[in-house]
Amino acid sequence: MLELSVIREKPDWVKERLAIKNFPHLQLVDEIVELDKKRRSIQKELDDLLHKSKSISKEIGELYKQGKREEAEALKQEPKRLKEEINKLEDNFDAIKQEEFDRLIKLPNLPHSCVPKGHLPEDNVEVRSGGELPQLSGDALPHWELGEKYNILDMRLGSKLTGAGFPVFIGKGARLQRALINFFLDEARSAGYTEIQPPHLVNEKSAFATGQLPDKEGQMYHIVEDKFFLIPTAEVPLTNIYRDEIVSEADFPIKVAGYTPCFRREAGSYGKDVRGLNRVHQFDKVEIVQITHPDHSYATLEEMLEHVEGLLEKLELPYRVLRLCGGDSTFASALTYDLETYSAAQKRWLEVSSVSNFETFQSNRLKLRFRDKESKKTRLAHTLNGSALALARIVATLLENNQTPEGIVIPWALRQYTGFEIIN
RNA sequence: GGUGAGGUGGGUGAGUGGCUGAAACCACCAGUUUGCUAAACUGGCGUACUCUAACGGGUACCGCGGGUUCGAAUCCCGCCCUCACCGCCA
């Protein structure tokens with residue numbers, strides 16, 4: 001959620017920035033400015049009335065104490081009359097506040113100044129790349145066929161148990177998953193993150209605070225009976241740990257990491273994009289989250305990006321780093337880097353990580369603040385997160401790129417975790 | 001799931017209708033004292049919205065939401081959560 005003060009002070013600039021994200025409803029900004037003005041004038045009026053009513057009540061109390069019953073009784077009429085006025089004004093105030101809020105939550109975050117305009121994946125900027133694209137022979141198999149061939153991945157079984165898009169990993173496939181999770185968690189710990197095991201279901205407040213609600217409601221699985229949501233990413237519980245907190249500046253940077261399965265409905269996806277592990281309803285992911293001082297968040301973003309790149313290098317996977325254009329970056333982020341690996345049998349890039357700085361967009365909803373040393377006032381902290389890494393697609397790339405006539409070769413860094421060197 | 005007790009500021013905890021945005025203590029911050037540290041003493045110390053050029057005001061908030069009343073932390077209703085015991089149970 002954007003900060004009201006920014007909209008109030010620089011509405012034109014806000015609109016300019018929103019245009020880069022191709023946000024079509026720029027009139028919302030003007031409407032908010034108007035509503036805000038109205039809201040504040042009503043609040044002044046309301047506060048004055050409340051003040052009047054309150055002081056009369058105090059007076060009545062005084063009179064009773066002095067034994068002046070009749071005078072007290074006589075005074076009771078005035079606050080009673082004021083109350084009607086106050087109630088009306090309050091209704092009005094609440095309605096306007098609600099209208100303002102409804103508009104405010106529709107505005108996406110403002111993109112950072114380096115975010116390119118655009119709305120197509122082609123408009124994303126390749127920042128750098130790493131690793132060598134593997135040369136596979138013509139009869140190289142896509143990962144879903146490899147999964148079947150070596151009996152390590154069964155999509156059809158998942159359909160039987162649950163539905164399409166719920167993979168089942170078997171034998172060395174399952175062990176590979178577990179190895180990757182452990183590897184990623186160990187790497188995160190070495191990088192200074194505290195490991196957390198959060199709940200996999202969250203309540204509405206949490207889903208709202210990180211921006212999943214109301215924007216992406218349709219993308220989450222919903223437990224209707226208890227009003228819980230299955231998490232689409234560990235970002236939600238990990239960041240919400242700090243909801244309604246005023247942290248100490250000395251605690252920065254706060255670094256937490258956690259492994260969770262992620263559940264996504266992926267409504268509207270179809271075709272070859274969703275084959276095998278390319279797009280599934282449940283996948284495993286290790287997420288890293290940092291909470292920092294606003295002055296340092298962009299340095300932190302680079303640090304997190306480097307961490308994820310390091311993982312891909314250790315896994316010997318070819319990758320590229322994209323700076324997302326305005327139209328392609330998410331609702332809540334100010335700047336996002338996507339990392340993609342090249343899946344050589346499919347001959348396509350797969351997104352395996354997304355590293356974002358949300359600046360104060362999430363913390364404003366979270367009410368996550370810190371006390372500024374100099375001004376002694378509370379300020380919103382910056383939140384960041386990144387996948388480090390998302391498993392399903394990593395596995396897809398790994399299987400495809402490392403296939404040999406003898407079997408699928410496990411990268412060196414993973415062997416101490418898998419306990420085997422080859423899947424055959 | 002059942003029954004009972006309870007939810008007050010960073011912490012402990014007082015407060016059953018007005019003088020309570022909230023005692024006291026602890027923690028914390030600033031200062032005095034001190035060779036240093038400690039102790040002692042003095043002062044300060046919630047959040048949000050809002051008015052003001054500023055000084056300084058106003059309003060709301062005692063788990064959340066409603067109600068009664070001139071007036072609610074305090075009374076009433078609903079919900080949430082915590083603890084204890086019982087039941088069930090990986």
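Just so we're on the same page: letters track the sequence lines, and every chain starts at 1. These numbers were taken from a predicted model, which means no experiment stands behind them. What you see below is based on every heavy atom in this structure, not just the backbone, and it leaves out hydrogens, waters and symmetry mates.
In this structure, Leu75(A) and Asp47(A) both approach RNA chain B, and ranking their closest nucleotides by distance from the 5' end singles out Asp47(A). Annotation: of the two residues near RNA chain B, Glu62(A) and Leu4(A), the 5′-most nearest-nucleotide partner is Glu62(A).
In this structure, Asp36(A) pairs ionically with Arg39(A), as a charged nitrogen and a carboxylate oxygen lie closer than 4.0 Å. The pair Lys149(A)-Glu145(A) does not count as a salt bridge, with every side-chain nitrogen at least 4.0 angstrom from each carboxylate oxygen.
For the pair Lys83(A) NZ and rA72(B) C1', the interatomic distance rounds to 10 Å; values are reported in whole Å. In this structure, Arg243(A) atom CZ and rC64(B) atom C1' are separated by 13 Å, rounded to whole Å. Rounding to whole angstrom units, NZ of residue Lys205(A) and P of rG63(B) are separated by 14 Å. Rounded to an integer number of Å, the gap from Lys44(A) NZ to rG57(B) P is 15 Å.
Between Arg40(A) and the phosphate of rC49(B), there is no side-chain N or O to OP1/OP2 separation shorter than 4.0 Å. Distances shown here put a side-chain N or O of Arg369(A) below 4.0 Å from the OP1 or OP2 atom of rA48(B). Taking side-chain N and O atoms only, Lys54(A) has no distance below 4.0 Å to OP1 or OP2 of rG58(B). Considering only side-chain N and O atoms, Arg39(A) lies under 4.0 angstrom from the phosphate OP1 or OP2 of rU50(B).
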